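Only one structure is covered here, and it is reproduced in the block below.
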Amino acid sequence: MKHAEKYTVNYFLPPQSPEKPLGKWMKKDHVEKPPIWCSVDLRDGNQSLMIPMNLEEKLEFFKLLCKIGFKEIEVGFPAASDTEYQFLRTLIEQDLIPEDVTVQVLTQAREHIIEKTFAALEGCRRAIVHLYNSTSVAQREQVFRKSKEEIIGIAVEGAELFRRHAEKFPGDLRFEYSPESFTGTEPEFALEICNAVLDVWKPTPEKKVIINLPVTVELSMPHVYANQVEYMCGNLKYRDSVIVSLHPHNDRGCAVADTEMALLAGAERVEGTLFGNGERTGNVDIITLALNMYSQGVEPGLDFTNLPAVTEQYEEVTRMHVGERQPYSGALVFAAFSGSHQDAIAKGMKWREEKSCAHWTVPYLPLDPADVGREYQTDVIRINSQSGKGGIGYLLERCYGYNLPPKMREDVGYTIKGVSDRLHKELTPDEVADIFRSRYINYFTPIDVVEAHFSQVGGLSTVITVQVGDKRHIFKAAGNGRLDAISNALKANLGLDYELVTYNEHALQQGSNAQAIAYVAIRYGDGKISWGAGTHDDIMAASVNALVSAINRRQL
């Protein structure tokens, strides 16, 4: 990198005194209650789209936001375009705004824009009217070329126009003011201009106003913003009548941290978007904020129990793509490809079942994927050449009911990983199950025990019919059990040298009609172990099938 000297530490630290040091919020370790949520998807989010939403898409998105549970929704800048104006009129005239939802509109501090904004609100039962003007040093000097006094004059004039229009408005109106580019504004000046607006509006505890402190552009580390917010919260006039709101953007990738720290510092409301859509690097992602709270035991008040459906609808109306690694929402955020990760997750899930755990403590998963509509078999354990025996075994057990012995999981794991490596692709759960079934279960080539009969005369003995290639043979032998007798018959007549070292069985609970499955491991004279599995309605037949499969797999 070159020319770092052209950039400076471009932020403004609020003043503090020894009696009232800033940073008291740092003693808190989490946000204890959800803020008031306000979605700005339909305004800030929409204006940043390459192709802004049309009327029908905005209506669909508005209904989605209501379904999620937003009680405050910024619906646009009605004076900015005919589409914005018509959208608000459609919501009002078709009575599409639920009783418990308040719409919010944005306007600059200019008389003709304010007039059109109030005209667009005609007939609205309840609304927030949001006034803003830029206050930062850069905006004052470079864009407006106005003094501090002139900038305050713009804000006060707008506030007075608001008040006069509101006196004639029959609905329930609330006011909001934003010193745009707050993070680039001297804290003393931001306080001065906000207090000047509050002096015009004279809020009361029964008629509160919103002071919104936007991170229009991220210029500092998150703790600096939190200190700025704490300073404002401690010095605003009419504090018991003011709701302090946040509106962070994500230029430094810290919007979530900005918001969480500023909430600890005293803010009570958050404006953001789903998935963080917004100008430049975007707005703060409300989904991430809400689920961060949820994962620490705080009910966020928004419903993301079917996050895949929310994602699908969002992508459809915005034409945006939710990244695979987007927190909580992305296709791969719960996925574990690593063998050690898969093993830890599988063991953690087993621990929960055994201990009936009240709290979520599964390794590598900060949140239960099922709580947001994700599925373990398709979203958590993902199989490729990097996967391990634990994950593959867990998938086969959870999705298909195959509870493989520990050592067999290792053998099957190498087989599955080998297939994925050769094909150079991820394997779906069904592909994994198909490979296991075709290579381990009822593997009857070249040897198959077609029929078996047993006798207890003089000890247990058996007569078996064996298909070897295209020929059939009758073999006899004795043993200390049925499977041992059949094994002895095969070894004696086919010249096989092995010992049976593992046998397990269980009923299949998924995808079958009460079938049984057996697992067998045999060790040959050279020390190599071969595994097989067998299924059948009869457990003895399943055991024989497993033994035969293990013998045949020696040839692989």
Side-chain angles (χ1 to χ4, degrees), residues 25 28-42 44-45 61-74 98 100-104 128 210 212-215 222 225-226 229 233 243-250 254-278 282-314 322 325-330 333-334 358-362 365-374 379:
W25 58 269
K28 303 175 184 177
D29 61 5
H30 71 284
V31 178
E32 296 179 350
K33 64 178 182 179
I36 300 166
W37 301 108
C38 178
S39 161
V40 294
D41 290 271
L42 295 168
D44 210 344
F61 206 149
F62 179 80
K63 292 174 183 176
L64 171 64
L65 294 170
C66 292
K67 183 178 179 181
I68 290 170
F70 286 97
K71 302 306 178 186
E72 295 184 2
I73 302 172
E74 189 168 80
D100 60 347
V101 172
T102 301
V103 295
Q104 177 171 305
I128 297 168
I210 299 165
N212 189 52
L213 305 175
V215 183
Y225 177 57
V229 170
C233 288
I243 297 170
V244 176
S245 178
L246 311 171
H247 183 112
H249 281 253
N250 199 41
C254 299
V256 169
D258 286 336
T259 307
E260 291 182 328
M261 290 185 184
L263 287 171
L264 293 178
E268 304 141 289
R269 182 177 182 268
V270 172
E271 296 184 349
T273 61
L274 301 183
F275 309 103
N277 179 43
N283 290 52
V284 68
D285 178 12
I286 285 182
I287 295 174
T288 299
L289 286 171
L291 294 178
N292 280 357
M293 293 180 191
Y294 180 73
S295 69
Q296 293 191 318
V298 178
E299 173 54 56
L302 297 174
D303 184 1
F304 294 116
T305 52
N306 192 352
L307 198 46
V310 173
T311 305
E312 181 180 0
Q313 191 169 356
Y314 166 84
V322 175
R325 301 295 182 186
Q326 178 87 7
Y328 300 109
S329 316
V333 297
F334 294 112
H359 295 98
W360 182 260
T361 59
V362 175
L365 295 178
L367 179 145
D368 185 348
D371 286 352
V372 291
R374 305 294 287 269
D379 291 319

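The figures here come from the full heavy-atom set of this structure, side chains too, leaving out hydrogens, waters and symmetry mates. Predicted model, so just to flag it, every value in this text is computed and none were measured.
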Would you say the side chain of [Y] lies within less than 4.5 Å of the side chain of [X], judging by non-hydrogen atoms?
| X | Y | answer |
| --- | --- | --- |
| I287 | F275 | yes |
| E299 | P34 | no |
| N250 | V284 | no |

- Message: Under the side chain to side chain contact (heavy atoms under 4.5 Å, CB included) test against L65, which residue among V310, V101, L302, D41 passes?
- Response: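 The side chain to side chain contact (heavy atoms under 4.5 Å, CB included) with L65 is passed solely by D41 among V310, V101, L302, D41.
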- Item | Working for side chain to side chain contact (heavy atoms under 4.5 Å, CB included), residues D371 and Y294 | CA-CA 10 Å; D371 286 352; Y294 180 73; 2.9 Å; yes
- Message: Under the side chain to side chain donor-acceptor pair (under 3.5 Å) definition, can you give me all pairs with a residue in residues 254-263, not counting sequence neighbours?
- Response: E260-N292
- Message: Strictly by side chain to side chain donor-acceptor pair (under 3.5 Å), give each pair with a member in residues 62-71 just once, sequence neighbours left out.
- Response: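 The answer is K71-D100.
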- Query: Would V31 and L264 count as a side chain to side chain contact (heavy atoms under 4.5 Å, CB included) if you check the C-alpha gap in whole Å, the side-chain angles of each, and the deciding distance to 0.1 Å?
  - Reply: CA-CA 6 Å; V31 178; L264 293 178; 4.2 Å; yes
Tell me if a side-chain donor or acceptor on [X] pairs with a main-chain N or O of [Y] at a distance below 3.5 Å.
| X | Y | value |
| --- | --- | --- |
| E72 | T102 | no |
| N277 | G45 | yes |
| W37 | P300 | yes |

Spacing of [X] atom [atom1] and [Y] atom [atom2] [to the nearest 0.5 Å]:
| X | Y | atom1 | atom2 | value |
| --- | --- | --- | --- | --- |
| S329 | L291 | OG | CG | 7.0 Å |
| I210 | E271 | CD1 | CD | 7.5 Å |
| D44 | H247 | CG | NE2 | 4.0 Å |
| E312 | L307 | CD | CG | 12.0 Å |
| K28 | M261 | NZ | CE | 13.5 Å |
| F334 | D368 | CZ | CG | 8.5 Å |

- Look at the aromatic rings of Y314 and F61 and report parallel, tilted or perpendicular, splitting at 30° and 60°. perpendicular
- Take I286 and F70, measure what side chain to side chain contact (heavy atoms under 4.5 Å, CB included) needs, and give me the verdict at the end. CA-CA 11 Å; I286 285 182; F70 286 97; 3.7 Å; yes
Contact summary for [X] and [Y], nearest pair of heavy atoms:
| X | Y | value |
| --- | --- | --- |
| R269 | I243 | CB-CG2, 3.9 Å |
| C254 | P222 | CB-CG, 3.8 Å |
| A262 | Y225 | CB-CE2, 3.7 Å |
| V298 | H30 | CG2-CD2, 4.3 Å |
| S295 | L367 | CB-CD1, 4.3 Å |
| M293 | P35 | CE-CD, 3.4 Å |

- Message: Regarding Y328 and D285, do their side chains bring together a donor and an acceptor under 3.5 Å, going by distance alone?
- Response: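 Per modelled atom types, Y328 and D285 side chains form no pair under 3.5 Å.
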- Task: For I68 and L274, run side chain to side chain contact (heavy atoms under 4.5 Å, CB included): C-alpha distance rounded to whole Å, both residues' side-chain angles, the deciding distance at 0.1 Å, then the answer.
- Result: CA-CA 11 Å; I68 290 170; L274 301 183; 3.9 Å; yes
